[in-house]
Number of protein chains: 2
Amino acid sequence: MDAKIIDVAKKAGVSPATVSRVLNQTSTVSEKTKNKVMTAIDELGYHPNAAAKNLRSQKTRMIGVIVPDINTSYFTEIIKGIENMAYASNYNVIICDAENQAEKEMEYLNLIMNRTVDGLIMVAPSIADEQLFQIADKGYFIAVIGRHVEHDRIPCIYTDNVKFSRTVVEHLLEGGHQDIVFLSGYPTAIDSYERLEGYLKALRDHHIPFRPELVENGNFNEVGGYEAMMRLFEKKLQFTAVYSANDEMALGVYRACAEVGLTIPTQLAVVGVDNNRISKYITPTLSTVNQPKYTMGALLVEKLIDQMNEDTYPEKRVFVLDSELIIRNSSNVPMSK
Amino acid sequence: MDAKIIDVAKKAGVSPATVSRVLNQTSTVSEKTKNKVMTAIDELGYHPNAAAKNLRSQKTRMIGVIVPDINTSYFTEIIKGIENMAYASNYNVIICDAENQAEKEMEYLNLIMNRTVDGLIMVAPSIADEQLFQIADKGYFIAVIGRHVEHDRIPCIYTDNVKFSRTVVEHLLEGGHQDIVFLSGYPTAIDSYERLEGYLKALRDHHIPFRPELVENGNFNEVGGYEAMMRLFEKKLQFTAVYSANDEMALGVYRACAEVGLTIPTQLAVVGVDNNRISKYITPTLSTVNQPKYTMGALLVEKLIDQMNEDTYPEKRVFVLDSELIIRNSSNVPMSK
DNA sequence: CGACAAAATGAAATCGATTTCACATATTAC
DNA sequence: GTAATATGTGAAATCGATTTCATTTTGTCG
């Protein structure tokens with residue numbers, strides 16, 4: 001069906017080698033033959049077969065990205081950063097949605113093992129360190145966003161969860177809040193754990209007793225956040241603020257408050273994490289922690305590409321980026337007594 | 001670096017052909033040799049090279065999906081449907097984010113022309129009909145979500161924008177609203193146009209004069225919706241309801257109202273479109289039109305796969321799905337006079 | 001103008017799998 | 001026990017590009 005390089009060559013009266021040279025600018029070709037080849041390509045509507053090209057050249061100029069969920073703006077923002085930077089370096093990006101299933105995540109590792117992609121970025125992977133090491137040790141290029149990985153060949157980038165969590169809690173303490181709920185995401189996610197750690201450390205530093213009953217799991221989504229809050233309300237616990245480990249859950253908190261008739265921020269202060277698109281559009285506007293999502297993606301893919309091209313160990317491999325507390329209306333009123 | 005099929009063959013003491021047969025179950029192999037081959041594969045950690053496989057077999061078992069924007073839940077829900085159904089049929093999905101750039105969309109067409117994918121799904125494409133026809137006529141498998149395409153070889157699926165828009169407007173008219181703002185998306189998008197058409201028809205049917213100054217463009221996102229409303233407020237126009245062509249813009253409407261001190265729904269009724277994740281979490285909960293996003297993706301990819309496997313014209317090619325108006329709190333109070 | 005370097009081009013090998021075809025071995029039927 | 005069939009396996013061709021190496025053509029200079 002499709003025209004092949006040999007057809008182009010015949011039509012232009014040259015050899016396939018020359019056609020290849022015109023297309024890839026791999027050596028000089030005279031202006032005259034270049035033109036003949038180009039018109040032949042145009043007339044035949046020739047598109048080089050990717051498989052043949054990949055097979056011979058042993059590269060694909062594709063980068064795979066595995067994300068836990070494609071329907072989460074935190075991840076899609078990261079993807080945008082990856083895509084744009086990759087595009088600029090002439091790489092295509094294959095996005096893979098693991099749908100929060102470890103099994104699917106594992107399946108997608110095939111992309112790199114079977115050389116469909118030249119490199120692989122795993123965003124907030126659930127896979128164990130050792131598995132990552134194994135892949136890297138075999139010589140494949142992988143990189144990780146969202147957690148620390150201790151391996152020479154694996155660049156990684158993340159933000160300091162503990163640090164910004166302390167900032168959040170201290171912000172609430174300054175507002176006069178002592179009884180602060182912590183809404184956690186998936187218990188298995190490292191982010192959940194580290195954010196809880198920051199919460200605990202801040203309390204300890206300020207000599208506030210930790211009340212375990214104020215920690216609830218909301219699975220990082222609206223439904224979970226809503227249900228977690230409802231559980232807390234039912235237990236009639238005393239609290240005046242909520243630190244939600246992401247913005248989606250905070251939205252669930254808003255809904256729960258609307259239903260039980262609690263006013264934010266006067267009766268309950270709320271702070272989220274991620275600064276997602278809608279956080280400044282909901283009412284009241286949501287205080288949250290801005291993470292440099294786009295930058296994380298862009299920076300890491302850049303490192304990965306460098307590494308692939310030079311096939312060398314990068315001088316700097318671990319990137320811990322700063323995040324920033326954005327105080328909006330959901331937490332900017334000191335507690336009314 | 002990687003083990004090749006010949007290495008496996010040598011280790012197992014068989015020919016490459018046999019290894020291939022074991023892996024692809026393309027003909028019977030004795031239990032004994034099968035075991036030898038499998039252990040050799042295990043020991044070597046062999047992964048068949050995708051490029052070689054694709055080249056020889058002339059297929060990739062990959063399906064490309066081009067979406068206008070990956071950071072929009074309407075599209076990601078569609079993707080979920082595509083992915084899951086494709087996965088079930090043993091196809092992998094490559095997601096491509098055109099970032100609302102026609103140029104990028106065009107670039108991604110290369111995926112099918114160069115046979116990186118076996119089939120291509122274009123979601124709400126901006127490309128012209130004729131270009132689509134050309135591709136299909138060359139024998140490539142493509143399918144379209146979100147608009148009607150009149151070509152024997154191109155399956156398509158969409159909802160009836162005109163129809164549900166009438167329903168929305170009639171719902172508002174029943175609530176006593178006569179001065180209804182229409183917030184449009186990108187002017188170039190067919191969805192914008194058809195939704196406006198439904199709005200106009202409903203007004204005409206009910207003998208309500210059309211006031212062009214009540215139509216504003218909000219680009220399908222929060223910022224646009226917010227700015228559009230602010231423009232309307234500044235002009236001090238008289239209106240009591242807003243039909244927003246999607247939920248994201250409706251969120252912008254909410255924000256604008258919060259800032260100027262208008263209460264929804266008592267002072268302004270709002271209806272959106274898409275029923276996105278957050279629409280029932282914001283306050284007041286947003287009336288909206290539910291589109292069968294997941295189903296659209298799943299159904300269409302199924303058709304595409306059928307077509308690819310049978311290489312035949314499908315009996316049914318055009319699917320117009322029903323959508324449903326979900327009345328929530330943002331519009332359920334009759335206008336207070 | 002002849003010698004030599006540089007530029008342009010082609011023939012053939014190659015990438016790593018699948019697939020065809022032929023052949024060997026095992027099984028069944030009579 | 002032999003013929004006929006079914007099953008299992010290997011050698012070699014093949015997919016469509018790139019790349020190496022050799023060769024031809026062009027250009028430069030004394």
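All values below come from the heavy atoms of this structure, side chains included, with hydrogens, waters and symmetry mates left out. A, B, ... follow the sequence lines: proteins, then strands. Residue 1 opens every chain.
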Tell me whether the side-chain N/O atoms of [X] come closer than 4.0 Å to OP1 or OP2 in [N].
X      : N       : value
T28(B) : dG8(D)  : yes
S27(A) : dA7(C)  : no
S57(A) : dC15(C) : no
Y46(B) : dA17(C) : yes
T18(A) : dG10(C) : yes
T33(B) : dT9(D)  : yes
N24(B) : dT18(C) : yes
Q58(A) : dG16(C) : yes

Rounded distance (Å) that lies between atom [atom2] of [N] and atom [atom1] of [X]:
X       : N       : atom1 : atom2 : value
I6(A)   : dT9(C)  : CD1   : P     : 17 Å
R61(A)  : dA17(D) : CZ    : C1'   : 17 Å
R56(B)  : dT14(C) : CZ    : P     : 19 Å
K34(B)  : dT7(D)  : NZ    : C1'   : 13 Å
K4(A)   : dC15(D) : NZ    : C1'   : 8 Å
N54(A)  : dA17(C) : CG    : P     : 14 Å
D2(A)   : dC15(D) : CG    : P     : 14 Å
N114(A) : dC15(C) : CG    : C1'   : 15 Å

query = Can a donor-acceptor pair under 3.5 Å be found between the side-chain atoms of R21(B) and the base atoms of dG10(D)?
reply =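 Checked by distance alone, the answer is yes.
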
ask   = For atom NZ of K10(A), is the number of surrounding heavy atoms from other residues, nucleotides or ligands below 6.0 Å larger than 12?
value =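 Open.
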
query = Looking for any heavy atom pair under 4.0 Å, which part of the strands does V19(B) touch: base, sugar-phosphate only, or nothing?
reply =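 V19(B): no heavy atom of the nucleic acid under 4.0 Å.
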
query = Checking all strands, does S30(B) fall into the base, sugar-phosphate, or nothing category for heavy-atom contacts under 4.0 angstrom?
reply =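 Since only primed, P, OP1 and OP2 atoms lie under 4.0 Å of S30(B), the category is sugar-phosphate.
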
ask   = Going by the angle between their ring planes, with limits at 30° and 60°, are Y186(B) and F220(B) parallel, tilted or perpendicular?
value =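 Y186(B) and F220(B): perpendicular rings.
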
message = As a quick check of understanding, evaluate side-chain contact (heavy atoms from CB on, under 4.5 Å) for R115(B) and T60(B), giving each step before the final call.
response = CA-CA 8 Å; R115(B) 310 236 88 118; T60(B) 65; 5.5 Å; no

request  = List the steps and the verdict of side-chain contact (heavy atoms from CB on, under 4.5 Å) for I145(A) and M122(A).
outcome  = CA-CA 6 Å; I145(A) 296 185; M122(A) 308 196 67; over 6 Å; no

side-chain contact (heavy atoms from CB on, under 4.5 Å) between D2(A) and Y140(B), worked out = CA-CA 10 Å; D2(A) 307 323; Y140(B) 299 110; 2.9 Å; yes

ask   = Do S73(B) and T76(B) have a side chain donor and acceptor closer than 3.5 Å?
value =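 Side-chain D/A pair, S73(B) to T76(B): absent.
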
key: Earlier contact from the 5' end, DNA chain D, for A17(A) and E31(B)   =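 This one resolves to E31(B).
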
Per N49(B) side chain, nearest of listed nucleotides dT19(D), dG16(C), dT18(C) =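 In terms of side-chain proximity for N49(B), the closest of dT19(D), dG16(C), dT18(C) is dG16(C).
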
query = Which residue, L55(A) or K32(A), contacts DNA chain C at a nucleotide closer to its 5' end, judged by nearest heavy atom?
reply =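 So the residue in question is K32(A).
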
